[in-house]
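These notes concern the structure reproduced below.
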Amino acid sequence: MFGKLVGIQGNVLKIALDEDLNTFKVNRYANGKQPTVELEIADNRKISPEQRKKIFALINDLCSYTGDVPDYWESVFKYQVRETFGVPEFSLSDCSVSVANYMILVILNFLFEEDIPFKTKTWDSLPNEFPKQMLCLKNRRCVLCGKYADIAHYHAVGSGRNRNKISHVGNYIMTLCREHHTEQHKMGVKSFFMKYHIKPIKVTEDIAKQLKLGVISNDIRRIDSTKTIY
């Protein structure tokens with residue numbers, strides 16, 4: 001069903017549905033439990049010229065490496081966006097901001113996984129709300145320059161703790177290449193974050209599983225074999 005959001009008070013929403021609600025169906029679906037619903041806010045913002053420019057800059061960098069034509073890779077990535085995020089057919093001339101960001105994310109994932117270079121200025125121009133941190137953690141790339149990177153912790157790890165038996169869960173982490181990780185240690189973590197305006201991610205158990213950062217076994221969580229810098 002569809003409707004309009006007409007009021008918000010804290011975590012309580014008021015929604016006017018486009019048609020009457022079939023309470024019999026609701027009760028049947030709930031099966032004697034408290035009914036639950038899923039809310040999806042439609043993104044009515046249109047793709048910006050800057051987003052479109054970034055998409056085609058990345059595709060052109062890819063084609064310079066492979067020798068393919070841009071139309072081919074545009075269709076490939078559009079298909080991946082539809083399959084991954086469940087969006088219908090779309091055009092880069094008038095799609096939403098969210099769909100455009102999906103397109104950028106899919107392209108960058110592919111470039112990282114295939115180790116295909118792209119221009120640093122394109123990476124630097126990604127907006128702050130773009131999920132750089134999670135993208136870089138997944139692909140073990142520096143959040144600042146896109147080079148190969150290791151996981152670095154916001155708070156130093158060591159000081160009598162066995163590094164082979166610690167958990168990432170609850171720690172704040174980011175991915176930094178050797179050069180930027182060395183700079184972080186020289187500057188101090190607070191000055192480093194103020195300079196580059198980045199925020200580390202607090203690792204939840206779900207994030208740890210998603211990024212394969214550790215396996216929970218009773219009260220001891222063991223880090224996988226990925227090299228980690230502290």
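The figures here come from the full heavy-atom set of this structure, side chains too, leaving out hydrogens, waters and symmetry mates. Fair warning: this is a prediction, and the values are worked out from it, not measured in the lab.
- Hydrophobic clustering (side-chain heavy atoms under 4.5 Å, transitive across Ile, Leu, Val, Met, Phe, Trp, Tyr) keeps F192 apart from M194.
- Residues N139 and E113 meet the side-chain proximity criterion, which asks for heavy atoms closer than 4.5 Å.
- Cluster annotation: I47 and F85 are assigned to the same hydrophobic cluster (Ile/Leu/Val/Met/Phe/Trp/Tyr, side-chain heavy-atom contacts under 4.5 Å, transitive).
- One finds the NZ atom of K202 at 10.5 Å from the CD1 atom of I207 (value rounded to the nearest 0.5 Å).
- In this structure, I59 CD1 and I55 CD1 are separated by 7.0 Å, a value rounded to the nearest 0.5 Å.
- Side-chain contact between V106 and N109 is absent, with no heavy atoms from C-beta onward closer than 4.5 Å.
- For the pair D61 (side chain) and K119 (backbone), a donor-acceptor distance under 3.5 Å is present.
- With salt bridges taken as basic N to acidic carboxylate O contacts below 4.0 Å, none links K54 and E50.
- The neighbour count for N31 CG, taken as heavy atoms of other residues, nucleotides or ligands under 6.0 Å away, does not exceed 12.
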Stepwise, does the side-chain contact (heavy atoms from CB on, under 4.5 Å) test hold for L62 with F77? CA-CA 12 Å; L62 170 59; F77 292 132; 3.7 Å; yes
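- Follow the hydrophobic side-chain contacts under 4.5 Å out from V69 and you reach I107 in the same cluster.
- Between T66 and D68, the side chains place a donor N or O and an acceptor N or O closer than 3.5 Å (distance only, hydrogens not considered).
- From I151, atom CD1 reaches atom CD1 of I173 across 4.5 Å, with rounding to the nearest 0.5 Å.
- Considering only heavy atoms from C-beta on, T84 stays 4.5 Å or farther from Y102 through its side chain.
- A 4.5 Å side-chain heavy-atom check between L135 and F112 finds at least one atom pair inside the cut-off.
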Dump the intermediate steps for side-chain contact (heavy atoms from CB on, under 4.5 Å) on V76 and F110, then the final yes or no. CA-CA 11 Å; V76 168; F110 178 81; over 6 Å; no
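- Side-chain contact between V81 and F90: present, with at least one pair of heavy atoms (C-beta onward) separated by less than 4.5 Å.
- Side-chain contact between E74 and F56 is present, with heavy atoms from C-beta onward closer than 4.5 Å.
- Other residues, nucleotides and ligands place more than 12 heavy atoms under 6.0 Å from the CG atom of D94.
- At least one donor-acceptor pair under 3.5 Å links the side chain of R141 to the backbone N or O of G146.
- No continuous path of ILVMFWY side-chain contacts below 4.5 Å connects V12 to I15, so the two sit in separate hydrophobic clusters.
- Looking only at distances, a side-chain donor or acceptor of R52 sits under 3.5 Å from a matching main-chain atom of L92.
- To the nearest 0.5 Å, the span separating CE on M174 from SG on C142 amounts to 10.0 Å.
- To the nearest 0.5 Å, atoms CG (L144) and CD (E179) are separated by 10.0 Å.
- Judged purely by atom type and a 3.5 angstrom limit, S75 uses its side chain to pair as donor or acceptor with the backbone of Y72.
- A side-chain donor-acceptor contact under 3.5 Å links E183 and Y196.
- With sequence neighbours excluded, the residues that form a salt bridge (Lys or Arg N to Asp or Glu O under 4.0 Å) with D43 are R45.
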side-chain contact (heavy atoms from CB on, under 4.5 Å) assessment of K46 paired with S96: CA-CA 4 Å; K46 297 299 181 183; S96 70; over 6 Å; no
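- Under a 4.0 Å N-O distance rule, the pair E89/K78 does not qualify as a salt bridge.
- In this model, a donor atom of one side chain and an acceptor atom of the other lie less than 3.5 Å apart for S91 and S93.
- For the pair C63/W73, a side-chain contact is recorded, criterion being any heavy-atom separation below 4.5 Å from C-beta on.
- L176 and Y148 fall into different hydrophobic clusters, where Ile, Leu, Val, Met, Phe, Trp and Tyr side chains are chained together by heavy-atom contacts under 4.5 Å.
- One finds the SG atom of C95 at 7.0 Å from the CD atom of Q51 (value rounded to the nearest 0.5 Å).
- The shortest distance between side-chain heavy atoms of H181 and K186 does not fall below 4.5 Å.
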